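Each remark here refers to the structure printed beneath this line.
These numbers come from a predicted model, not from an experiment. Along the sequence shown, residues are numbered consecutively beginning with 1. Order of appearance sets the numbers: ligands from 1, and atoms from 1 within every ligand.
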Amino acid sequence: MAHDASNQSLMQRDLGVLWHPCTQMKDHETVPPVPIRRGEGVWLEDFDGKRYLDAISSWWVNLFGHANLDINRALVEQMSTLEHVILAGFTHEPAVELAERLVRITPPALTRCFYADNGSSAVEVALKMSYHYWRNQGQKGKTRFITLANSYHGETLGALAVGNVPLYKETYEPLLMDTLSVASPDCYQREPGESWAACSRRLFADMRRTLERHAGEVCAVIVEPLVQCAGNMRMYDPVYLRLLREACDEFGVHLIADEIAVGFGRTGTLFACEQAGISPDLMCLSKGLTGGYLPLSVTLSTENIYQAFYDDYQNLTAFLHSHSYTGNPLGCRAALATLDIFQRDDVITANKALARRMAGATAHFGEHPHVAEVRQTGMILAIEMVRDKASRTPFPWQERRGRRAYLHALRKGVLLRPLGDVIYFMPPYVINEEEILLMADAAWEGIQLATRD
Ligand code: PMP
């Protein structure tokens with residue numbers, strides 16, 4: 001059956017058969033999904049030729065623009081050579097080369113790459129590896145994880161259990177393993193006159209107390225370094241990670257760095273851990289890993305962890321975890337092309353100028369009577385809307401103010417996707433000055449509109 005290629009037709013067909021992620025589908029009665037025909041650079045285009053600036057990198061995955069010519073070329077070549085092969089008992093060049101390069105560019109203690117195919121799965125791998133490591137060491141009492149308030153690590157049950165955003169977690173609580181939750185180092189909570197570093201240091205006390213009390217039963221602490229992205233882009237100081245690394249060593253507990261969202265340059269350095277000068281025991285990467293092209297993830301581990309699984313088969317210490325698409329060659333090839341761009345274009349240096357431009361374009365936002373804070377870490381900039389600025393009282397969530405800003409920006413041709421009442425920018429690194437201004441203008445008007453009455 002031939003279908004006419006129009007916005008209207010695709011919307012209707014979509015609503016007949018699809019169930020969209022993270023969506024109350026009834027909302028689509030009034031605001032149908034936006035049908036995208038093609039993408040180029042920071043732009044997405046619908047069937048009427050209307051364009052949308054992708055200010056959130058399509059859920060934080062895209063780094064170098066949609067339909068990037070370099071990544072396209074690499075993929076076409078890979079596709080005509082080898083699309084996929086089982087990674088148990090077999091291997092292939094993209095998987096090996098990518099692992100070699102990841103080991104080289106990630107913090108120094110990480111020497112081994114275990115592939116999976118999405119962020120949540122990489123977190124599951126890290127949790128299981130940590131628990132299993134202690135078990136292989138004869139420490140069977142270590143079965144729990146410490147996690148930060150307001151953290152997010154994915155939607156599968158293990159990842160959800162170590163996350164702490166009530167909106168996603170609460171419903172499923174009876175299904176989830178029990179975790180130890182400690183205060184977030186979130187600097188939105190700082191006292192008047194307190195620096196970010198002093199605030200994060202003060203909030204470390206709860207972590208230290210919990211480690212002192214529970215280290216004997218704890219496998220690992222899991223954190224999102226520097227920015228709690230899904231937790232409303234709350235940010236904290238690198239000093240927290242330094243203190244945490246020291247304490248994890250002192251108490252014999254692993255440190256898992258979930259850099260799924262913050263990795264690959266988002267915070268201003270290639271990996272956020274670099275800003276604290278620390279090396280975690282396990283590190284999870286996904287999203288930007290393939291430049292936003294294909295689902296791929298990796299959990300990196302230290303040699304010490306790897307060696308605890310390395311033994312004669314009969315001793316049953318192996319890590320028997322697998323996903324069908326583990327280490328998919330197309331995903332690995334897209335990742336290699338992405339790393340080539342980082343190298344060729346000195347992206348981290350170039351991004352410093354872009355981050356300054358984002359700060360400049362939003363310099364006046366802080367003066368708005370309903371903006372409590374404008375915060376930024378590298379290429380992530382967030383604006384927190386509140387009802388009362390002095391007391392930082394939020395708007396009632398039922399009013400969905402952020403959604404009003406979203407709808408306004410969409411009309412203006414900018415894709416923002418506020419987290420509650422927090423509007424943020426996490427654009428592809430190919431954004432230019434004019435596009436930054438357009439993005440900021442749409443957000444400013446959206447804030448004006450959303451906070452009226
Ligand atoms: N960890 C973090 C920090 C994330 O932001 C996300 C996704 N937003 C995940 C894990 C889960 O990744 P995925 O959606 O690919 O399962």
Side-chain angles (χ1 to χ4, degrees), residues 20-23 54-63 106 114-130 145 147-165 167-169 172 176 179 184-186 220-236 240-241 255-267 271-273 280 282-300 321 323-328 331 334-335 338 377-380 382 417-420 422 424-426:
H20 285 268
C22 203
T23 298
D54 187 355
I56 57 156
S57 299
S58 285
W59 258 341
W60 323 336
V61 299
N62 191 288
L63 298 186
T106 51
F114 190 100
Y115 291 113
D117 46 23
N118 63 75
S120 304
S121 297
V123 169
E124 301 284 346
V125 166
L127 299 176
K128 285 176 71 177
M129 264 184 190
S130 175
F145 295 93
T147 166
L148 300 178
N150 192 45
S151 57
Y152 181 91
H153 299 287
E155 297 295 340
T156 54
L157 294 178
L160 199 58
V162 292
N164 250 313
V165 177
L167 180 63
Y168 309 127
K169 182 171 185 176
Y172 305 100
L176 304 179
T179 52
S184 162
D186 168 16
V221 176
I222 181 165
V223 296
E224 295 157 89
L226 300 190
V227 187
Q228 295 187 307
C229 293
N232 291 355
M233 298 293 166
R234 292 292 176 82
M235 300 174 182
Y236 61 93
Y240 190 90
L241 296 173
L255 173 55
I256 304 173
D258 174 353
E259 293 227 16
I260 289 163
V262 296
F264 298 101
R266 291 289 182 198
T267 66
F271 299 104
C273 282
L282 293 156
M283 183 171 187
C284 305
L285 300 173
S286 188
K287 291 194 187 272
L289 174 62
T290 62
Y293 263 68
L294 285 156
L296 179 73
S297 64
V298 59
T299 303
L300 289 113
H321 182 108
H323 297 288
S324 316
Y325 282 101
T326 292
N328 173 259
T338 300
T377 300
M379 289 295 289
I380 308 174
R417 200 172 190 279
L419 293 151
V422 174
Y424 68 89
F425 307 138
M426 212 200 271

If we count only non-hydrogen protein atoms and require a distance under 4.0 Å, does atom 14 (O) of ligand 1 qualify as touching the protein? no

Could you tell me whether the side chain of T290 and the main chain of Y293 form a donor-acceptor pair under 3.5 Å? yes

Shortest protein contact, atom 1 (N) of ligand 1 (heavy atom only): D258 OD2, 2.6 Å

Ligand 1-proximal atoms of E155, by part, heavy-atom distance under 4.0 Å: neither

Search all heavy atoms of G288 against all heavy atoms of F264 and return the closest pair with its distance. C-CD1, 4.0 Å

Min side-chain heavy-atom separation L289-T338 under 4.5 Å: no

Can a donor-acceptor pair be found between the side chains of D258 and H153 at a distance below 3.5 Å? yes

Check whether more than 12 heavy atoms from other residues, nucleotides or ligands sit under 6.0 Å from atom OH of Y325, and answer yes or no. no

Which residue is it: V223, N164, V165, L148? I am looking for the one with a side-chain contact (heavy atoms from CB on, under 4.5 Å) to Q228. L148

For I260 and ligand 1, does the shortest N/O to N/O distance drop below 3.5 Å? no

Just jot down the ligand 1 atoms closer than 4.0 angstrom to any heavy atom of N118, in number order. 15 (O), 16 (O)

W60 and ligand 1 - part of the residue with a heavy-atom distance under 4.0 Å: side chain

Ligand 1-proximal atoms of C229, by part, heavy-atom distance under 4.0 Å: neither

Do any nitrogen or oxygen atoms of S286 come within less than 3.5 Å of a nitrogen or oxygen of ligand 1? no

Among protein heavy atoms, which sits nearest to atom 16 (O) of ligand 1, and what does the distance come to when rounded to 0.1 Å? S120 OG, 2.6 Å

Just to confirm my output: which protein heavy-atom neighbour is closest to atom 4 (C) of ligand 1, and how far is it? Y152 CD2, 3.8 Å

A116 and A122: which non-hydrogen atoms are nearest, and at how many Å? CB-N, 4.4 Å

Under a 3.5 Å threshold, yes or no: a donor from one side chain and an acceptor from the other, between D54 and S58? yes

How long is the straight-line distance from NZ of K169 back to OG of S151, given to the nearest 0.5 Å? 7.5 Å

Those atoms of ligand 1 less than 4.0 Å from some heavy atom in A261: 5 (O)

Closest non-hydrogen protein atom to atom 12 (O) of ligand 1, residue and atom name please, with distance? G119 CA, 3.2 Å

In the protein, which heavy atom is nearest to atom 8 (N) of ligand 1, and how far is it? K287 NZ, 2.9 Å

